[in-house]
Amino acid sequence: MPQIPQTLHELTVGQLSARSGAAVSALHFYESKGLITSRRTSGNQRRYTRDALRRVAFVRAAQRVGIPLATIREALAELPEERTPNRDDWARLSRAWRSELDDRIRQLGRLRDHLTECIGCGCLSLENCVLSNPDDISGESMAGSRLMPERPARECS
């Protein structure tokens with residue numbers, strides 16, 4: 001991994017990629033989504049401040065636990081002057097995201113518990129399938145394997 005001198009206050013996209021472990025294309029994507037920012041040199045090259053390393057680490061950690069990029073962007077935007085998140089920020093945000101993650105874990109547990117029997121039968125029936133129709137929500141109004149409710153036929157004039 002290339003070493004970046006402490007006196008260097010800006011990083012090229014290659015240096016940021018090497019230090020953060022994120023692909024250059026991911027960094028460009030993060031920038032397009034407003035998660036990190038850069039300035040352009042007179043030669044139109046991107047330059048990132050050193051704090052971009054922490055922002056990228058924050059984004060990647062949040063992504064690893066399943067937080068959508070839009071939610072991450074909202075969290076970063078709430079920081080004063082969009083500063084780099086610190087340990088306290090992570091603690092506060094992770095507490096806020098906990099219930100969302102707990103819901104997702106419950107849904108995945110339910111999927112795991114019913115996956116074999118559902119795919120094993122192959123019906124994916126809205127009437128009986130616990131994956132396509134949790135709690136039989138659609139079973140009362142229709143039967144069969146339709147995922148979309150039927151629309152009334154339009155009369156031709």
Side-chain angles (χ1 to χ4, degrees), residues 1-4 11-38 46 48-154:
M1 176 179 309
Q3 293 297 313
I4 299 172
L11 308 173
T12 66
V13 70
Q15 289 170 325
L16 182 58
S17 173
R19 288 288 306 277
S20 68
V24 169
S25 58
L27 296 173
H28 291 170
F29 180 73
Y30 292 164
E31 189 171 355
S32 74
K33 297 298 180 187
L35 299 165
I36 59 175
T37 58
S38 69
R46 288 179 169 95
Y48 299 89
T49 57
R50 291 180 69 85
D51 71 320
L53 282 167
R54 180 170 289 169
R55 287 179 77 88
V56 171
F58 177 88
V59 170
R60 295 185 78 199
Q63 281 186 293
R64 273 193 294 277
V65 297
I67 305 300
L69 286 178
T71 304
I72 297 168
R73 174 67 195 124
E74 290 169 6
L76 289 171
E78 289 177 8
L79 296 176
E81 298 177 8
E82 294 195 26
R83 68 169 165 69
T84 301
N86 59 31
R87 185 182 306 258
D88 292 337
D89 296 324
W90 179 257
R92 180 179 46 79
L93 291 168
S94 63
R95 279 191 303 273
W97 293 334
R98 189 183 242 342
S99 66
E100 181 182 332
L101 293 174
D102 288 342
D103 288 344
R104 208 172 297 155
I105 289 167
R106 278 191 292 280
Q107 290 170 352
L108 286 171
R110 183 179 186 158
L111 174 63
R112 179 202 58 223
D113 295 345
H114 296 288
L115 183 62
T116 303
E117 65 191 51
C118 184
I119 299 304
C121 79
C123 77
L124 294 178
S125 167
L126 282 182
E127 185 174 342
N128 300 314
C129 183
V130 296
L131 296 178
S132 295
N133 183 23
D135 302 320
D136 199 22
I137 295 166
S138 300
E140 297 193 19
S141 63
M142 71 178 100
S145 60
R146 293 179 300 270
L147 294 177
M148 301 287 290
E150 288 184 19
R151 294 183 193 161
R154 293 188 342 196

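Positions are given from 1 along the sequence.
Distance CD1/I67 to CG/L101: 4.5 Å, rounded to 0.5 Å. Distance check, rounded to the nearest 0.5 Å: OG1 of T71 to CD of Q63 gives 11.5 Å. To the nearest 0.5 Å, the span separating CD1 on I72 from NZ on K33 amounts to 12.5 Å.
With hydrogens and angles ignored, the 3.5 Å screen pairs no side-chain donor or acceptor of D103 with any backbone N or O of E100. The main-chain N or O of L76 is never found under 3.5 Å from a side-chain atom of R55 such that the two would form a donor-acceptor pair. Here the side chain of R19 pairs no donor or acceptor atom with the backbone of L53 at under 3.5 angstrom.
Considering all non-hydrogen atoms of both residues, R104 and P68 come closest at NH2-CD, 4.3 Å. Across every non-hydrogen atom of A22 and L27, the tightest pair is CB-CD2, 3.9 Å.
Y48 and E31 share a donor-acceptor pair across their side chains, judged by distance under 3.5 Å alone.
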Q) What do the steps show when you test D51 against R54 for salt bridge (charged side-chain N to carboxylate O under 4.0 Å, His left out), and what is the final call? A) CA-CA 5 Å; D51 71 320; R54 180 170 289 169; over 6 Å; no
Q: I would like to know whether R73 and L69 meet side chain to side chain contact (heavy atoms under 4.5 Å, CB included); could you show each step before the answer?
A: CA-CA 6 Å; R73 174 67 195 124; L69 286 178; over 6 Å; no
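Looking at heavy atoms from C-beta onward, S94 lies out of side-chain contact with V65 at the 4.5 angstrom threshold. At a threshold of 4.5 Å between non-hydrogen side-chain atoms, the residues L16 and R46 do not count as touching. Looking only at side-chain heavy atoms (C-beta outward), T84 and L79 stay at 4.5 Å or farther from each other. Counting only heavy atoms from C-beta outward, the side chains of R95 and R92 approach each other to under 4.5 Å. No side-chain heavy atom of R112 sits less than 4.5 Å from a side-chain heavy atom of L108. Considering only heavy atoms from C-beta on, T37 stays 4.5 Å or farther from T49 through its side chain.
Ring pair W97/F58 is tilted by interplanar angle, where 30° to 60° counts as tilted.
For the side chain to side chain contact (heavy atoms under 4.5 Å, CB included) with S17, the qualifying choice from V24, T12, L11 is V24, the only one to do so.
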